[in-house]
Novice: 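Got a structure for you, questions after.
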Amino acid sequence: MRDPDLRIAIVGAGIGGLSLALALRERGVRAEVFEQAAQLTEIGAAIALSANATREYARLGLLGELAAASTTPTELVYRHWQDGSRIAAHPVAEGGAYVDRFGAPYFGIHRADLQKTLSGAFDAEHLHLGCRLTDLVPERDSVVLEFANGRVERADVVVGADGVRSTVRRWVTGADDAVYSGTSAFRGIVPTENLPSLPDPHAIQFWMGPDAHLLHYAIGGAGELVNFFAVVEGPPIWLHDGTVAEVHEDVPVASFRGWHPAVPEMIRAAESPVRWGLFTVRPLLRWYRGRVVVLGDAAHGMLPHQGQGANTSIEDAFALAALVADARPGDDLEPAFSRYQTLRRARTRAVQRSSWVTSSLLHLPDGPAARMRDAKVARFPEDFGWIHEYDVQRALQASAPASR
Ligand SMILES: Cc1cc2nc3c(=O)[nH]c(=O)nc-3n(C[C@H](O)[C@H](O)[C@H](O)COP(=O)(O)OP(=O)(O)OC[C@H]3O[C@@H](n4cnc5c(N)ncnc54)[C@H](O)[C@@H]3O)c2cc1C
């Protein structure tokens, strides 16, 4: 590690925070990560990692371990909600189509497996669990971090990777910019063998219908589990302070009454009567204040319908690591943060917007608008390839100020 070290404090050991810690370590910079949870566990949730993220993990040498815990979908399939007909299909693993086109793999992985790989690659002594940040106090050349457990730390740079309800973002912007999207989701993980009605269980599939959709893909090294999330319109007003609410056990299945049998079968098999409110973050004008900067959901929480919340957080992490790694204690961070903000704001706003538009497209009733949507999803590689093609390192090079 370098001497003198820049003291970097990362708030949040989610996918963005851990990726940043590893990306910094690759560049010889050590970071301390502070996480509110007492343990790194998340039940019942998986992530689809696309080439824009896996190409960065490949550079860190993590691809083998991730591949062993993941399933690559055979195809991307869009289906009619009621009769289950295949509206469009694009090969992913089949014929190596995805890697050939985007240069890196596509993985369905349990979030806990991803966090295990990332935290396992990171030195445990620099991961501080049970530390919930409550406040930040700026000093001349540093920032003081205050935690709920009474701990106090000082750092040259603070990175808020603390998710969609970010405390750090509130400090940076002075407001809570999280917005309830008006949609919510039921999620679950089910053994593939419990889904006899499901066609193509190893594909990533969207079932699209009036006011709702269900997305699922296989996870686990042999595709033995299916992860799904089923999105519905409403409830109209989100009354809960957090992002999750318990509902009566009948509610998830009742929301998909009349759909193809594979859909209620999957939801019923998960036995998970929990509703997740889907929140987004209003586009931020500023991503930093003084020596404090945000990344991931804290900066640009988005709807999950392009499967890009985690992937763009990983992009942020590698971009920020490249831009701050050469800084020294006491340096003016404005040029690095400003370049990070310019680069990442444009990219993430485009993905955020696309995810928002996709939400309403997936929920159209049968009719002319749905037929136009069906024609659009048949062009997926042409219309959405820009999301997966993105290469952070190339984008950094292209945005580098011209040397004199
Ligand atoms: C239903 C659903 C499905 C999704 N599917 C996908 C997908 O397939 N692909 C994809 O790319 N994305 C997906 N996402 C989005 C993805 O989960 C998030 O975008 C991603 O996890 C963001 O990473 P992050 O590190 O910014 O935040 P998080 O992973 O949320 O991590 C934030 C961390 O900060 C901690 N924290 C919070 N506050 C504090 C505090 N005050 N002090 C200390 N620690 C704190 C939290 O405990 C947490 O560990 C999905 C999201 C949803 C809701």
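These numbers come from the heavy atoms of this one structure, side chains and all, not from hydrogens, waters or symmetry mates. In this chain, residues are counted from 1 in sequence order. Just follow the structure's listing: the first ligand is 1, and inside any ligand the first atom is 1.
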Novice: Pick whichever of S184, A310, A48 has a heavy atom sitting closest to atom 16 (C) of ligand 1.
Specialist: A310

Novice: Between Q308 and N52, is any side-chain donor less than 3.5 angstrom from a side-chain acceptor?
Specialist: yes

Novice: So for ligand 1, is E35 a polar contact partner (N or O within less than 3.5 Å, distance only)?
Specialist: yes

Novice: For N311, which part has a heavy atom under 4.0 Å from ligand 1: side chain, backbone, both, or neither?
Specialist: both

Novice: For R394, does the CZ atom have more than 12 heavy-atom neighbours from other residues, nucleotides or ligands under 6.0 Å away?
Specialist: no

Novice: When you measure from the heavy atoms of A37 to every atom of ligand 1, does any distance fall below 4.0 Å?
Specialist: no

Novice: Mind checking whether S313 has a heavy atom under 4.0 Å from ligand 1?
Specialist: yes

Novice: Going by the atom numbers of ligand 1, which of them fall below 4.0 Å from some non-hydrogen atom of G296?
Specialist: 26 (O)

Novice: So which protein heavy atom does atom 6 (C) of ligand 1 come closest to, and at what separation?
Specialist: I47 CD1, 3.9 Å

Novice: Record the part of D297 in heavy-atom contact with ligand 1 below 4.0 Å; permitted values are side chain, backbone, both and neither.
Specialist: both

Novice: With heavy atoms of G14 as the reference, note each atom of ligand 1 found under 4.0 Å away.
Specialist: 25 (O), 29 (O), 31 (O), 33 (C), 49 (O)

Novice: Among I204, L133, L129, which one puts a heavy atom closest to atom 42 (N) of ligand 1?
Specialist: L133

Novice: Do me a favour and list the nearest non-hydrogen protein atom to atom 37 (C) of ligand 1 with residue, atom name and distance?
Specialist: D162 O, 3.3 Å

Novice: Counting only heavy atoms, which portion of Q308 has something under 4.0 Å from ligand 1: side chain, backbone, both, or neither?
Specialist: backbone

Novice: Does a donor on one side chain sit under 3.5 Å from an acceptor on the other, for H80 and D366?
Specialist: yes

Novice: Salt bridge check: are E56 and R59 linked by an N-O gap of less than 4.0 Å?
Specialist: yes

Novice: Who's the nearest protein heavy-atom neighbour of atom 3 (C) of ligand 1, and how far?
Specialist: F229 CE2, 3.6 Å

Novice: Could you tell me if R339 sits above the aromatic ring of F337, with its cationic atom closer than 6.0 Å to the ring centre and no more than 45 degrees from the axis?
Specialist: no

Novice: Would you call D123 and R30 a salt bridge, using N to O less than 4.0 angstrom?
Specialist: no

Novice: Give me the ring orientation class for Y57 and F318: parallel if the planes are under 30° apart, tilted from 30 to 60°, perpendicular past 60°.
Specialist: perpendicular

Novice: Starting from atom 39 (C) of ligand 1, which protein heavy atom do you reach first, and at what distance in Å?
Specialist: Q36 OE1, 3.4 Å

Novice: Starting from atom 50 (C) of ligand 1, locate the nearest protein heavy atom and write down its residue, its atom name and how far away it is, to 0.1 Å.
Specialist: P304 CB, 3.8 Å

Novice: Could you verify whether a donor N or O on one side chain and an acceptor N or O on the other, from Q306 and T358, lie under 3.5 Å apart?
Specialist: yes

Novice: Among all protein heavy atoms in this structure, tell me which lies nearest to atom 24 (P) of ligand 1, with the distance rounded to 0.1 Å.
Specialist: G16 N, 4.0 Å

Novice: Purely on distance, is any nitrogen or oxygen of L295 under 3.5 Å from one on ligand 1?
Specialist: no

Novice: Identify, for atom 1 (C) of ligand 1, the protein heavy atom at the shortest distance, and state residue, atom and that distance.
Specialist: R187 NE, 3.4 Å

Novice: Using a strict 4.0 Å cut-off to heavy atoms of Y217, name the atoms of ligand 1 that fall inside it.
Specialist: 8 (O)

Novice: Using the side chain to side chain contact (heavy atoms under 4.5 Å, CB included) rule, take S70 and Y106 through it: C-alpha gap first, then chi angles, then the decisive distance, then the call.
Specialist: CA-CA 9 Å; S70 304; Y106 192 96; over 6 Å; no

Novice: Does a donor on one side chain and an acceptor on the other come within less than 3.5 Å for S50 and Y98?
Specialist: no

Novice: Counting from 1, what ligand 1 atoms have a heavy atom of A161 closer than 4.0 Å?
Specialist: 32 (C), 33 (C), 34 (O)

Novice: Relative to the ring of H388, is the ring of F380 parallel (under 30°), tilted (30 to 60°) or perpendicular (over 60°)?
Specialist: perpendicular

Novice: Show me which atoms of ligand 1 lie under 4.0 Å from any heavy atom of F34.
Specialist: 43 (C), 44 (N)

Novice: Do the numbers put R165 on top of the ring of F279, so that NZ or CZ is under 6.0 Å from the six-membered ring centre and no more than 45° off the axis?
Specialist: yes

Novice: Parallel, tilted or perpendicular: which fits the ring planes of F229 and H213, with parallel below 30° and perpendicular above 60°?
Specialist: perpendicular

Novice: Taking only heavy atoms of G307 into account, list the atoms of ligand 1 that are under 4.0 Å away from them.
Specialist: 7 (C), 9 (N), 10 (C), 11 (O)

Novice: Closest non-hydrogen protein atom to atom 53 (C) of ligand 1, residue and atom name please, with distance?
Specialist: L278 CD2, 3.9 Å

Novice: Are R187 and W276 in a cation-pi contact, defined as NZ or CZ under 6.0 Å from the six-membered ring centre and within 45° of the axis?
Specialist: yes

Novice: Closer than 4.0 angstrom: is that true for some heavy atom of F147 and an atom of ligand 1?
Specialist: no

Novice: For C131, take its heavy atoms, then give the atoms of ligand 1 lying under 4.0 Å from any of them.
Specialist: 42 (N), 43 (C)

Novice: So how far is it from H216 NE2 to I267 CD1, rounded to the nearest 0.5 Å?
Specialist: 11.0 Å

Novice: Answer yes or no: is there a side-chain heavy-atom contact under 4.5 Å between I314 and L49?
Specialist: yes

Novice: Under 4.0 Å from any heavy atom of R111, which atoms of ligand 1 are there?
Specialist: 17 (O), 21 (O), 28 (P), 29 (O)

Novice: Could you say whether the N/O atoms of W276 and ligand 1 ever approach to under 3.5 Å?
Specialist: no

Novice: Run down the list G17, G12, G163 and name the one with the heavy atom closest to atom 30 (O) of ligand 1.
Specialist: G163

